[in-house]
Each structure stands twice: as structure tokens, then as C-alpha cells.
Amino acid sequence: MALCYQLPVLPLDRPVPKHVLSRRGAISFSSSSSLFGAPDPRQLSQRRGAISYDSSDQTALYIRMLGDVRVRSQVGFEPERRGSHPYLGVDFRTLHSRAESAGTIPARRIRRLFSFQRHLLSSRLLRGAPQLNPLHILDEDYCGQAKCMLEKVGSWNFDIFLFDRLTNGNSLVFLTFNLLNQYGLIELFQLDMVKLRRFLVLVQEDYHNQNPYHNAVHAADVTQAMHCYLKEPKLAESLTSFDILLGLLAAATHDLDHPGVNQPFLIKTNHYLAALYRNTSVLENHHWRSAVGLLRETELFSNLPAEDSLSIERQLGSLILATDISRQNEYLSRFRTHLDENDLSLGNASHRHFVLQMALKCADICNPCRPWELSKQWSEKVTEEFFHQGDIEKKHKLEISPLCDSEANTIASVQIGFMTYVVEPLFAEWARFSDTRLSQTMLGHLGLNKASWSAMEPEASGSSEEGESETGRATEEPSSRVLSQGSQES
């Protein structure tokens, strides 16, 4: 049945009717109703979410507004907006996608099949039913290896790439669920298991896995690093369960719905997110609002008092906004001042929150501090994402962002500059705060990795110095956000 209609968008200042808010469905928001007239109406059913309408007035469209405006599509469509750059006709969700050969089964579909098999197997075991289908054997074998890896989830050498393969692409869901359970947070906060599982699955699906770097595996890696920092003596003795919950949730959602391009790109193409957040911490604000939207959609904290839920949302935003690399010097100077004056009191809630912010910043850009085998993979991925953005800027005759020109930069030069001007100063201060074996291990890996990249850089003495000076200038400008592997303006 084909439908032809004109559906008005609910104004931002008009409250959504209560009977609509009670529905489970949600639809991504567009600032203009042109979204609903341009594509084939049948394509709307492919979007995750649903359109809510009143049965007594089927010409009215209601959009549940959860603090952010977003456009999601799997069909390569994004609506044209007045004043926007023509490039925005391309869907960010397919920005880094590669063409699949004919006849191949998408990896996402295979992962969902395995996830369904695992769910079916566990439900049968809970009911005491015997295992009938031999197809579960392989999946159970992989699941067993993943469980073995989780026993060492606190190791700094944890291989998140291997863990992601063993969990069939569900590393973020498995890892975060395991950590929440390990800290006793599920029981303490009386989290509904179904709601928690749904929340984590939606978080994982909201990452663009076509992005070489800013994807769900990166989020899982940051969450694992955050766990390592939370186990450090100073933090373990002082942080409350509420602090730990915030830290893990912020790590898992800190790059939610990252488009694979940085803030300067969004600003110069007049993207609607840049206008919405007035060119200030655009991606970080979007990640935070997206996380809040999923929390409300799944009603994960519906059992908590309303003021506690709002406090979680606000503090979650404060943590995620701290990952804005353009504010790196601001946070680093404040951290250094506290350490110089020795006045950090972890008995003070505001000081604990600040330390959590610094821990998340470290976890976000800790790739150069990992063992070489892991660090090298991350470096190649983030540089691939940078260079892909540069290629798009060349194609559309835009000014090429710093470090995004593949002809003027190499992986080695980008990494050397990033380590020198961003990573080393931050982790040196973190080692002053928490002088432990882990801190020394991270600094040791950082030095070795930087030396390895320097050895790879042709004419190291000349070109690397030139690359570092360019990077140093960039760190003083807003466009420097492309430097951060963990944030790349995210």
C-alpha cells in the first residue's frame, strides 16, 4: 500500500503529547519536513526507530525530541538543507563504506546471526533444554575464548581487536556488560538486564563501523583503558560506585554516532550539527546528547529517582565534553596546577569528577601508549580516516584540514607530532598523579613507539621536525582537533 502525505514536524517549543511519549518508537529528527517528502516512503521502514502518529489524526507526525537532532539512514540519503554544502547530500553513515562483492553476505548480518544463536543457546540452557543444533558448537567455542580473555580485561596488553573477532563484532556490548557486572553495578543500581542489554546494543549500533577509527571497537578499547585507570590505587580507594558507573558509561558512549570527520569539516560545510551547537564542541555535544537519548529511550535508569537520572545525564555530559581536544591545554593546565599545589582531595566530589575527566582524556588518546603491535594498528586506522577526509575536501575544493593531506603527511609524521605535542604532556602529568607500574609502562611504550615511527620517517631529521612544527602550530588552533586519535574532535 502506497501512502502519499504531507507530515508536519512538531515544533521544538511544543510539548510532545503524552500518548506519544509512552510509545517505544522514536524517529531521528530533521529540521525541515522535506525529509519526509523526498525519499521513497517505503524507505522509511528501513530506519531504526518508528514514526508515531495518533490514530484519530493520521496526518500528524510526532517526533520524540531527546535533546539532539539526528538523521539516520542506511540508504545513502540525507536531506538537503538551506545553506548547506552540496557534499551533505552524502550520508555520513556510508562515508567510509567499501563496496561489497556481489553474492557476499554482509558481516553485520553474520554477527547478528551469531548473536541470535548465542541468545537461543543461553535461553535453552536456562530452561534446562538439551542442545539440539550442532551449529552452536563453533559459536560456543568462540564465546569460550572471549570469556578467557575477559579474565584478563585489566591487562594493559589486552588485544581489543582479537576480542572483537571472538565476540563476532560485539566487543563493546560484551566488555561493557562484563565490567558493569564485575564492579557489582548491575545489582547495586538494580539495572534491568533486558533494558541494559538493549541499551548496550543500541550504543554499539550507533557507532559507524565503516569508520576506520571512530567505531565501536575504539569505544570498547577506551572502555577497557578506563577500567585499567579505575583500578589504580588512588582511584580504587576513593571513587564511589556512582563515579565508576559514570566513568564506564562515558567511555562507552564518548564517540557515539561519530561521522568520521572532524569539527572544522562540519563547520565549513555548514552542517546542521555545527549550527545547532554554535560551532562549539560540536561532536562532543552530539555524542553526549545521543547517549542521553538512548538512556531515555531504553529507560535504563527509570527505577532511580528523577533527580538521580538527571544528575547522571549532566555528569555524563561533563565527562564527554572533556574529550574536546581543543580544550586540551585548559584541562592540562588545571591538572598541572593541582599537582603543583598538591591540593587534589579525592574526598571532594568535584575533585573526583575532575580526575575522572582526566582519566577519560587519557583513555581516549592512549593508543600511542599501548604495545607496538596494537598501537601501530590504531595509528594506521586514524590516519586512514584523516586522509579520507582530506580526499573528500580535495574533491569538493574545500580547504584541506591540517594533517589530512596524504600528499604532505605520512603516518609517521602525523604520529610523531601527535605524541610530542598532545600525548606526552598529558601522560607525564598523569604519571605525577598516579606514579604506578601502569603509568611507567605507558610512558615506556610511548617512548618506544615514537622511536619506531621516527625510524620509519624518511629524512627523519628534516621532515619530522617540519611535521612537528606544523603540528605544534595546529595544537594552538581549534582545527587541531584532528590530531586526537581518541577525539579527532570527538
Side-chain angles (χ1 to χ4, degrees), residues 95-98 107 111 142 145-146 149-150 152-172 174-175 204 207-228 251-252 254-255 258 260 262 325 362-390 403-404 406 409-420 422-424 427 438 441-457 467 482-488 490:
L95 183 64
H96 297 283
S97 61
R98 298 173 177 82
R111 289 198 301 269
Y142 274 73
Q145 295 181 51
M149 285 197 68
L150 284 174
K152 298 182 179 180
V153 69
S155 169
W156 190 246
N157 298 332
F158 191 84
D159 188 342
I160 195 65
F161 298 109
L162 174 59
F163 184 71
D164 190 65
R165 292 193 294 272
L166 294 178
T167 56
N168 301 305
N170 292 297
S171 57
L172 183 58
F174 275 68
L175 185 104
Q204 181 173 271
Y207 279 95
H208 302 193
N209 285 331
Q210 296 90 346
N211 291 347
Y213 182 84
H214 288 99
N215 50 45
V217 182
H218 164 65
D221 184 62
V222 172
T223 305
Q224 190 272 335
M226 190 66 168
H227 167 60
C228 292
H254 80 285
D255 272 337
H258 196 292
N262 61 5
I325 200 65
C362 288
D364 192 19
I365 60 172
C366 71
N367 302 148
C369 300
R370 296 281 193 179
W372 171 252
E373 295 76 13
L374 300 175
S375 179
K376 182 173 182 290
Q377 292 184 67
W378 285 121
S379 298
E380 291 169 347
K381 289 176 181 295
V382 72
T383 311
E384 178 187 350
E385 197 167 292
F386 288 173
F387 289 169
H388 188 72
Q389 175 181 321
L403 308 181
C404 292
S406 58
N409 299 279
T410 63
I411 298 179
S413 65
V414 170
Q415 291 307 305
I416 292 170
F418 176 66
M419 293 178 185
T420 302
V422 181
V423 182
E424 283 181 349
F427 280 87
L438 174 60
T441 298
M442 291 190 297
L443 290 176
H445 285 313
L446 178 60
L448 292 173
N449 293 338
K450 184 177 178 181
S452 297
W453 285 119
S454 298
M456 293 183 185
E457 179 71 350
V482 296
L483 283 174
S484 171
Q485 295 183 36
S487 289
Q488 188 215 12
S490 143

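- Annotation: side-chain contact (heavy atoms from CB on, under 4.5 Å) contacts of F387 (sequence neighbours excluded): T383, S406, N409.
- Ring centers of W378 and F161: under 6.0 Å apart, within the cut-off.
- By the side-chain hydrogen bond (donor to acceptor under 3.5 Å, both in side chains) test, K381 pairs with no residue at all, sequence neighbours left out.
- Under the side-chain contact (heavy atoms from CB on, under 4.5 Å) criterion, T441 pairs with W156, R437, H445, not counting sequence neighbours.
- In terms of heavy-atom proximity, L175 sits nearest to A220 at CD2-O, 3.3 Å.
- For D221, the side-chain hydrogen bond (donor to acceptor under 3.5 Å, both in side chains) criterion is met by N367, R370, not counting sequence neighbours.
- Listed by chain and residue number, M149, D159, R165, L166 satisfy the side-chain contact (heavy atoms from CB on, under 4.5 Å) test with L162 (two or more places apart in sequence, or in another chain).
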Worked verdict on I416 versus S454 for side-chain contact (heavy atoms from CB on, under 4.5 Å): CA-CA 7 Å; I416 292 170; S454 298; 3.6 Å; yes

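- Between H254 and H214, the ring center distance fails the sub-6.0 Å criterion.
- Not counting sequence neighbours, the partners of F163 by the ring-ring contact (aromatic ring centres under 6.0 Å, His included) test are F158.
- Looking at E385, its side chain never comes within 3.5 Å of a backbone N or O of N211 through a donor-acceptor pair.
- Remark: E380 engages K376 in a side-chain hydrogen bond (donor to acceptor under 3.5 Å, both in side chains) (not counting sequence neighbours).
- With sequence neighbours excluded, the residues satisfying side-chain hydrogen bond (donor to acceptor under 3.5 Å, both in side chains) with D164 are S171.
- Between the side chains of N215 and H208, not a single donor N or O lies within less than 3.5 Å of an accepting N or O.
- Under a 3.5 Å cut-off, the side chain of S155 and the backbone N or O of K152 do not form any donor-acceptor pair.
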